[in-house]
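What follows is one structure encoded as structure tokens, with my remarks underneath.
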Amino acid sequence: MRLTILGGGGFRVPLVYGALLGDHAEGRVSHVTLHDADTARLAAMTRVLADLAAAAGVSDAPAVTATPDLDEALRGADFVFSAIRVGGLEGRAADERVALAEGVLGQETVGAGGVAYGLRTVPVAREIARRIARTAPGAWVINFTNPAGLVTEAMAEELGDRVIGICDSPVGLGRRIARLLGARPQEAWIDYVGLNHLGWVRGLRIGGRDELPRLLADAEALESFEEGRLFGAEWLRSLGAIPNEYLHYYYFNRDTVRAYQAAGQAGQTRGAFLRDQQRGFYAEAGRAGLPAGAALAAWDRTRAEREATYMAENREAAGAGERDESDLESGGYEKVALALMRAIARDERATLILNVRNGSTLSVLDAGAVIEVPCLVDANGAHPMGVEQLPLHAVGLVTAVKAVEREVLAAAASGSRADAVKAFALHPLVDSVTVARRLLDGYTAAHPGLAYLR
């Protein structure tokens, strides 16, 4: 099989390639094409992948080619992983800066920053979807690009159910809970539902029995893992569920904004940190005359630091301290992607938490709304499984954020400034239409990619 990775110079590409190196089953990926507009990043990432293959000692490692030409990259692809970042990390840093100046959250996918990122990304994602439909109509598309649910819904306008979104947050959360309850993660059924970065674990069944109430009754166990320390045992018991870590931005918004503002004043918002960190990595990995293995070593060091500092502002706001070693393990999005690809290509049934079109799964949303739920995957794609309906407090957040996503889609299609202002103003974490207008002014000044709004 042939796999194309869009955004092939991106930092997390080695995770995907490393997972492919460990796959020795029949019908595995034999060729990987990396596509990126940044040829220097492509060259650096090709070096890292070569080092990975050499370190693994795999004689039949998937061949790797790289190209900045999109149509060339897509031709003959069986699967396409879309992991683009429109505006790069400089854009992410600007998203944070503009929002924090207005006293609101500028996180990559949540709040004003997520709206700005979506407005930049959706037009590009739609064009990519059109190119895939024309050049590789038989390909399955697995979307990694954030905001993952919104971008998947945009691409589905052209590709229908042949585009599926993935995220590692629910996987990591389910794995941590299962281990706390003494179960192997692969043997547990996770009752998870919501939107991307806006979902809740409402049950965890082991051998047909829901063990989540046992965890909720144990305050010490609750506060022994990442989400428990972020939210606190009292709040988790009130909810009767374990929220995705990104809900900390909603439930503790003022605390988080203050922590982000303090980080920004020190010049170290998350986007600015990653921008500077990755500049150093790509400069080192792309240096002429680099010895074998050096590019991979640089990547490993950079990744370890990246994981250790993940959601640092939220942990500071919650008084949660440093991340435990058990929390530093990758959420496993590359494993989810490989399992998804296997299930479709080989008709090996699998149950995975994915971003797919709703159909009739959640009655509060229409059929075309992309949601994040457990899905049964087979050769015909991903099929959302039946779930219990959301409680009212979750309905309010899910429907409000889906309304914002729809306004982003409308603004990206119409180029209407009014639609874009509405997207900002309707978000639960933006508290004024006046602020929404100033946010749009700030973002259009910061991002040439938003010049289409008028």
Side-chain angles (χ1 to χ4, degrees), residues 140-144 148-149 152-153 156 161-181 183-213 215-216 227 239-247 331-344 346-391 394-395 397-398 401-402:
W140 287 89
V141 179
I142 301 177
N143 177 55
F144 299 77
T152 300
E153 189 164 326
D161 292 332
R162 293 189 78 85
V163 58
I164 300 164
I166 69 169
C167 179
D168 57 353
S169 289
V171 176
L173 173 55
R175 182 185 63 228
R176 287 188 282 275
I177 295 174
R179 287 177 178 169
L180 265 177
L181 292 169
R184 297 173 63 197
Q186 59 268 36
E187 295 174 351
W189 162 257
I190 304 167
D191 177 6
Y192 182 94
V193 63
L195 306 179
N196 179 240
H197 290 179
L198 191 78
W200 298 261
V201 171
R202 304 177 302 173
L204 192 134
R205 296 190 174 276
I206 303 168
R209 177 186 173 89
D210 185 6
E211 298 290 350
L212 187 62
L215 175 60
L216 290 171
E227 287 77 8
L239 290 174
I242 311 293
N244 183 296
E245 60 201 349
Y246 283 82
L247 273 152
Y333 89 130
E334 70 283 357
K335 296 173 185 175
V336 179
L338 188 57
L340 174 56
M341 195 162 54
R342 279 180 184 152
I344 293 174
R346 305 170 194 165
D347 201 15
E348 296 177 0
R349 287 192 163 199
T351 302
L352 302 166
I353 298 173
L354 301 166
N355 286 268
V356 296
R357 293 200 287 189
N358 176 47
S360 58
T361 308
L362 288 180
S363 61
V364 296
L365 297 175
D366 59 76
V370 166
I371 60 175
E372 192 168 75
V373 289
C375 296
L376 178 64
V377 188
D378 57 22
N380 296 313
H383 317 284
M385 304 179 77
V387 296
E388 292 183 17
Q389 297 306 300
L390 291 164
V395 168
L397 277 176
V398 165
V401 172
K402 181 55 70 175

Step-by-step side chain to side chain contact (heavy atoms under 4.5 Å, CB included) determination, E227 to L173: CA-CA 8 Å; E227 287 77 8; L173 173 55; 3.5 Å; yes
If you compare all heavy atoms of [X] against all heavy atoms of [Y], which two are closest, and at what distance to 0.1 Å?
X    : Y    : answer
L216 : A241 : CD1-N, 4.2 Å
L204 : A178 : CD1-N, 4.1 Å
E245 : S169 : OE2-OG, 3.3 Å
I206 : A188 : CG1-CB, 4.3 Å
A337 : F144 : CB-CZ, 3.7 Å
G203 : L212 : N-CD2, 3.6 Å

Pi-cation contact, W189 with R205 (under 6.0 Å, within 45°):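 Checked: cation-pi criterion not met.
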Heavy-atom neighbours of E388 CD exceed 12 at 6.0 Å: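 At most 12 heavy atoms, drawn from other residues, nucleotides or ligands, come within 6.0 Å of this atom.
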Under 3.5 Å donor-acceptor, [X] side chain and [Y] backbone:
X    : Y    : result
D366 : A369 : yes
N358 : L365 : yes
N244 : H197 : no
E153 : V370 : yes

Step-by-step side chain to side chain contact (heavy atoms under 4.5 Å, CB included) determination, R162 to V141: CA-CA 6 Å; R162 293 189 78 85; V141 179; 5.9 Å; no
Look up atom [atom1] in [X] and atom [atom2] in [Y], then write down how far apart they are to the nearest 0.5 Å.
X    : Y    : atom1 : atom2 : value
D378 : R346 : CG    : CZ    : 15.0 Å
D210 : L181 : CG    : CG    : 9.5 Å
I190 : R175 : CD1   : CZ    : 10.0 Å
I242 : L215 : CD1   : CG    : 5.5 Å
L362 : K402 : CG    : NZ    : 10.0 Å
D168 : I353 : CG    : CD1   : 11.5 Å

Within the 4.5 Å heavy-atom criterion, are [X] and [Y] side-chain neighbours or not?
X    : Y    : result
V377 : L354 : yes
I177 : V201 : yes
Y192 : W200 : no
P170 : C167 : yes
N143 : I166 : no

T361/V356 under side chain to side chain contact (heavy atoms under 4.5 Å, CB included): CA gap, chis, key distance, verdict: CA-CA 10 Å; T361 308; V356 296; over 6 Å; no
Sole candidate of E372, Q389, R202 that passes side-chain contact (heavy atoms from CB on, under 4.5 Å) when paired with V193: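 Single pass found, and it is R202.
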Candidates L338, T152, L340 - the one meeting side-chain contact (heavy atoms from CB on, under 4.5 Å) with I142: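 That would be L340.
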Full working for side chain to side chain donor-acceptor pair (under 3.5 Å) between D161 and H383: CA-CA 9 Å; D161 292 332; H383 317 284; over 6 Å; no
